[in-house]
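Reviewing the structure listed below.
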Protein chains: 2
Amino acid sequence: MAKERDDTIASRISRVLADRIIRGELAPDARLRQDHIAEEFGTSHVPVREAFRRLEAQGLAINLPRRGVRVASFDLKEVREVAEMRAALEGLALRHAAQHLTPAILDAAEEATREGDAASDVYAWEEANRRFHRLILAPSGMARLLAAIDDLHAASARFLFSAWQSGWEKRTDHDHRAILAALRQGRTDEAAAILQKHVQWIGRAPVRTPSGSTREAFAIVG
Amino acid sequence: MAKERDDTIASRISRVLADRIIRGELAPDARLRQDHIAEEFGTSHVPVREAFRRLEAQGLAINLPRRGVRVASFDLKEVREVAEMRAALEGLALRHAAQHLTPAILDAAEEATREGDAASDVYAWEEANRRFHRLILAPSGMARLLAAIDDLHAASARFLFSAWQSGWEKRTDHDHRAILAALRQGRTDEAAAILQKHVQWIGRAPVRTPSGSTREAFAIVG
DNA sequence: CTTTTAAAAATTATAGATAATTTTCGCTTC
DNA sequence: GAAGCGAAAATTATCTATAATTTTTAAAAG
């Protein structure tokens with residue numbers, strides 16, 4: 001079992017808080033009070049503050065010195081920005097990963113696609129989708145690039161969960177299959193082109209606002 | 001004068017350490033001892049640890065839990081990786097910035113190019129080069145993208161200072177001028193294409209190793 | 001002369017305490 | 001009822017102290 005020996009309290013707190021922010025349990029602009037969080041985790045506030053620095057760097061929280069840390073807010077402009085950054089970086093990663101892809105990896109990616117298609121809620125779909133992308137990009141072996149993409153996926157997931165609070169409908173992911181088909185035939189440029197288009201597809205869904213009315217929310221659905 | 005009211009000790013420490021790492025005053029793999037740094041800055045080690053988390057996120061340091069923080073090391077593979085990430089992201093930023101560029105901005109960028117050409121040492125050149133890139137990309141208004149590019153520029157500068165320890169020779173930057181010419185004529189795609197090629201140009205220089213022999217070092221020179 | 005071992009020193013990670021600042025909330029005034 | 005004011009409470013940022021762990025040093029054994 002993975003001992004948490006090489007894991008500080010700070011990193012554990014930052015993972016848990018990141019997850020809550022992504023899932024929307026912590027709403028945009030919500031204050032993150034260090035002493036409250038410290039108490040919840042049964043620690044002092046020192047590791048909590050270190051966790052905050054991590055969340056800041058990931059773009060999930062913003063720090064206003066002396067006035068506390070808040071969950072970062074976002075808007076359609078940022079959804080577009082993240083989509084375009086993902087297109088640029090995932091395209092790059094795929095071009096490098098292509099030559100290292102094995103049939104086994106592509107089969108695993110296809111399985112992830114099937115699981116995504118069968119997902120009955122948005123959380124299951126997101127997990128499968130993220131696994132698909134990671135599977136085909138990780139063989140690039142570009143650590144810095146992959147870390148940047150991971151942070152963008154976290155942002156994407158947040159947008160998605162915010163927009164699709166309920167009412168996920170199953171659908172067949174034709175893009176994923178087209179990407180895999182192109183990769184299997186060695187048509188890397190075509191695979192990268194589909195991928196770049198794919199992650200820039202922004203879906204919209206109606207969400208209920210706190211005031212009871214309805215507005216449109218936007219999110220990356222690739 | 002800029003009061004340091006909205007500036008924590010931690011952020012000041014992280015800026016100073018980042019600068020030292022970039023300039024090579026702190027060598028790759030050098031240990032960063034929190035108590036020593038705390039003493040130097042006349043603080044306790046708590047803000048030092050927060051600064052470490054920032055450096056980690058920037059890719060300038062790596063943390064081994066319980067075993068301390070070290071200056072991140074790098075190799076030719078990472079130089080290439082950063083160059084390609086810069087090409088992808090700066091290309092994206094320029095395409096968005098183009099429509100917001102004014103003659104005044106382009107004039108300022110041309111002035112930065114002239115200053116870079118006239119620079120007599122690598123530090124002055126890097127400063128002018130970074131200013132050129134920032135000037136033409138900032139009008140994109142894409143905060144997350146620009147922050148990512150800033151971190152990549154920090155990495156680039158580190159590679160550069162590591163390779164060009166001495167012996168900087170003046171040269172005229174034709175790429176910068178070609179980019180500006182294309183932008184002035186509204187040929188955005190051409191400008192972006194030159195920029196993407198430009199930042200992937202990797203120069204090489206001989207460096208003396210600690211053992212007295214000579215090897216080749218590589219760095220992004222755009 | 002290398003390897004092993006054990007004690008000593010240094011270092012990290014976290015807790016608990018405190019000063020400074022900001023936020024909250026009730027009271028007053030318009 | 002809105003706007004301003006001023007304690008009181010809450011919160012942040014930092015420091016000092018301490019337990020746990022790692023690294024270094026040096027001596028002992030092979």
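Lettering of chains follows the sequences in order, A, B, ..., and the numbering in each one begins at 1.
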How many Å lie between CZ on A/Phe41 and C1' on C/dT14, as a whole number?
16 Å
According to the salt bridge (Lys or Arg N to Asp or Glu O under 4.0 Å) rule, which pairs have a member within residues 146-166 of chain B, sequence neighbours left out?
B/Arg134-B/Asp150
Are A/Phe161 and A/Tyr123 near enough that their ring centres are under 6.0 Å apart?
yes
Examine D/dA13: is either OP1 or OP2 under 4.0 Å from a nitrogen or oxygen in the side chain of A/Arg49? Give yes or no.
yes
Against B/Arg131, only a single residue in B/Glu111, B/Glu110, B/Glu126, B/Glu115 fulfils salt bridge (Lys or Arg N to Asp or Glu O under 4.0 Å); can you say which?
B/Glu115
For the side chain of A/His45, starting at C-beta, report the closest nucleotide among C/dA20, C/dA13, C/dA17.
C/dA17
Would you please classify the geometry between the A/His176 ring and the A/His133 ring as parallel, tilted or perpendicular, with 30° and 60° separating the classes?
perpendicular
Please write out the pairs of protein N or O atoms and N or O atoms of nucleotides 7-11 of chain C separated by less than 3.5 Å, giving the distance to one decimal.
from, atom 1, to, atom 2, distance (Å)
C/dT11, OP1, B/Arg33, NE, 2.6
C/dT11, OP1, B/His36, NE2, 3.4
C/dT11, OP2, B/His36, NE2, 2.9
C/dT11, O3', B/Arg31, NH2, 3.4

Would you kindly give the CZ-to-C1' distance between B/Phe52 and C/dA13, to the nearest whole Å?
13 Å
In terms of the nearest nucleotide of DNA chain D, which residue is placed more toward the 5' end: A/Val69 or B/Arg70?
A/Val69
Give a yes or no answer on whether the side chain of B/Lys77 reaches the backbone of A/Gly141 with a donor-acceptor pair at less than 3.5 Å.
yes
Starting from P on D/dT16, measure out to CD1 on B/Ile9 and report it in whole angstrom.
11 Å
How long is the straight-line distance from CZ of A/Phe52 back to CG of A/Leu17, given to the nearest 0.5 Å?
6.5 Å
I want to verify a distance call: between C/dA15, D/dT12, D/dA20, whose nearest atom is closest to the A/Arg66 side chain?
D/dT12
Please report, rounded to the nearest Å, how far the P atom of D/dC15 is from the CD1 atom of B/Ile37.
15 Å
Side-chain N or O of B/Arg67 versus OP1/OP2 of D/dT21: is the shortest distance under 4.0 Å?
no
Interatomic distance, A/Glu50 CD vs C/dA13 P [rounded to whole Å]
8 Å
